[in-house]
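Notes follow once the structure below has been shown.
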Amino acid sequence: MTDGRRLYRRGRALARASPRPAIIGPMSVSASDPFPGWDGSIAGARQLQRQLAAQVRLQDALADAPRTVAGFDVGFDDGGATTRAAAVLLDADTLQPLERHLVRVPTRMPYVPGLLSFRELPALLHALDRFSTAPDLVMVDGQGIAHPRRLGIAAHFGVATGLPTVGGAKRLLCGHFDPPGPRPGDRSPVLHQGEVVGMALRSKARCNPLIVSPGPRVSLDGAVALVLRCLAGYRLPEPTRLADRLASRRDGAARRG
DNA sequence: GCGACAG
DNA sequence: ATCTTGTCGC
């Protein structure tokens, strides 16, 4: 299924997928064709990343008072054959969930460091389509611009949808940082090739720092401020934490025993 | 050549 | 990511 040139399997199911609602924005691509122009190769994927990264603008351009925040994450089933994408919409002020969606689609790409979005973005876009209304802000489990070519899955999501997006990862993909202070809120810049591409944020005491990096329409400082606003006593911000629980079949309602 | 390597 | 119970530390 992977011959080095065509690593991505285009499937019938994807071809007849439902079109994206018109609530997303002018920059959006359809969930059925997430990577227009991609030839399916590794080199082509990297080239597309460089091209899309050039479209990322880090000027804050979100609603004055975001009313909703969405969290996205992915998990796997059937030994990896099925990709589970979770999308949770929360009230930005109370952080209470308003909508929760879980979609299952066939896995079509293996995990390749630096090309995570080519594996998980399609499923995330399908999950996004389930929302009854577009979120004011998006948070994705993964890197924003803290990526070798400045297009982690969060940044890619933002470019693909036109929505303001923030990346929150549990670990670093590239670059380095000095350990931030021990108290919640302490932070230390993430550097890569001489550029500040993110912030290692101590979101909770005695926990490893969260790697925060912006996607389109959000600045680095803005991303940190938004993440801080979404914290509720856990290392991960609520949007991503709830999506993670839903995608990883660890959701309270789905557990027995 | 060697080490690193989101999820 | 995923396979998996209890356990050490705060």
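Below, chains carry the letters A, B, ... as their sequence lines are ordered, and counting in each starts from 1. Values below: all heavy atoms of this structure, side chains included; hydrogens, waters and symmetry mates excluded.
For A:D73 and B:dG7, the CG to P distance is 9 Å, given to the nearest whole Å. Residue A:L116 contributes atom CG, which lies 9 Å from atom P of B:dA6 at whole-angstrom precision. Residue A:R171 contributes atom CZ, which lies 10 Å from atom C1' of C:dA1 at whole-angstrom precision. The NE2 atom of A:H192 sits 12 Å away from the P atom of B:dC5 (whole-angstrom rounding). As rounded to whole Å, 8 Å separates atom P of B:dC5 from atom CG of A:L172. If you measure from atom CG of A:N208 to atom P of C:dG9, you get 18 Å, rounded to the nearest angstrom. The separation between A:F177 atom CZ and B:dA4 atom C1' is 14 Å, rounded to whole Å. A straight line from CG of A:L115 to C1' of B:dC5 spans 11 Å, rounded to a whole angstrom.
Using a 4.0 Å cut-off, no side-chain N or O of A:K170 falls inside it from OP1 or OP2 of B:dA6.
Heavy atoms of A:L124 sit nowhere under 4.0 angstrom from any nucleic acid atom. Within 4.0 Å (heavy atoms only), A:I211 reaches no atom of the nucleic acid at all. Among the protein residues, A:G80 comes within range of no part of the nucleic acid, since none of its heavy atoms lies under 4.0 Å from any strand. Among the atoms of the strands shown, only primed sugar atoms or phosphate atoms (P, OP1, OP2) are found under 4.0 Å from some heavy atom of A:G75.
Within a 6.0 Å sphere centred on CZ of A:R67, other residues, nucleotides and ligands contribute 12 heavy atoms or fewer.
Judged purely by atom type and a 3.5 angstrom limit, A:T94 uses its side chain to pair as donor or acceptor with the backbone of A:Q96.
Looking at A:E195 and A:R150, a side-chain N of the basic residue comes within less than 4.0 Å of a carboxylate O on the acidic one, giving a salt bridge. The pair A:D141-A:R241 does not count as a salt bridge, with every side-chain nitrogen at least 4.0 angstrom from each carboxylate oxygen.
Hydrophobic cluster of A:V218: the remaining members, joined at side-chain heavy-atom separations below 4.5 Å, are A:L62, A:V69, A:L137, A:M139, A:V166, A:L191, A:V196, A:M199, A:L201, A:L210, A:V212, A:L220, A:V224, A:L226, A:V227, A:L228, A:L231, A:L236, listed by chain and number.
Taking the side chain as every heavy atom from C-beta outward, A:L95 and A:C230 approach each other to under 4.5 Å.
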| request: Convert the base pairs of DNA chain B into dot-bracket notation, remembering that pairs crossing earlier ones are written with [ ] and that bases paired across to another strand are shown as |; include only Watson-Crick or G-U pairs under 3.5 Å. | output: .......
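Judged by centroid separation below 5.5 Å and plane tilt below 30°, A:Y111 stacks onto the base of B:dG7.
For the pair A:S248 and A:R206, both in contact range of DNA chain C, the more 5′-proximal nearest nucleotide belongs to A:S248.
When all heavy atoms of A:L173 and A:P148 are compared, the pair lying nearest together is CD2-CD, 3.6 Å.
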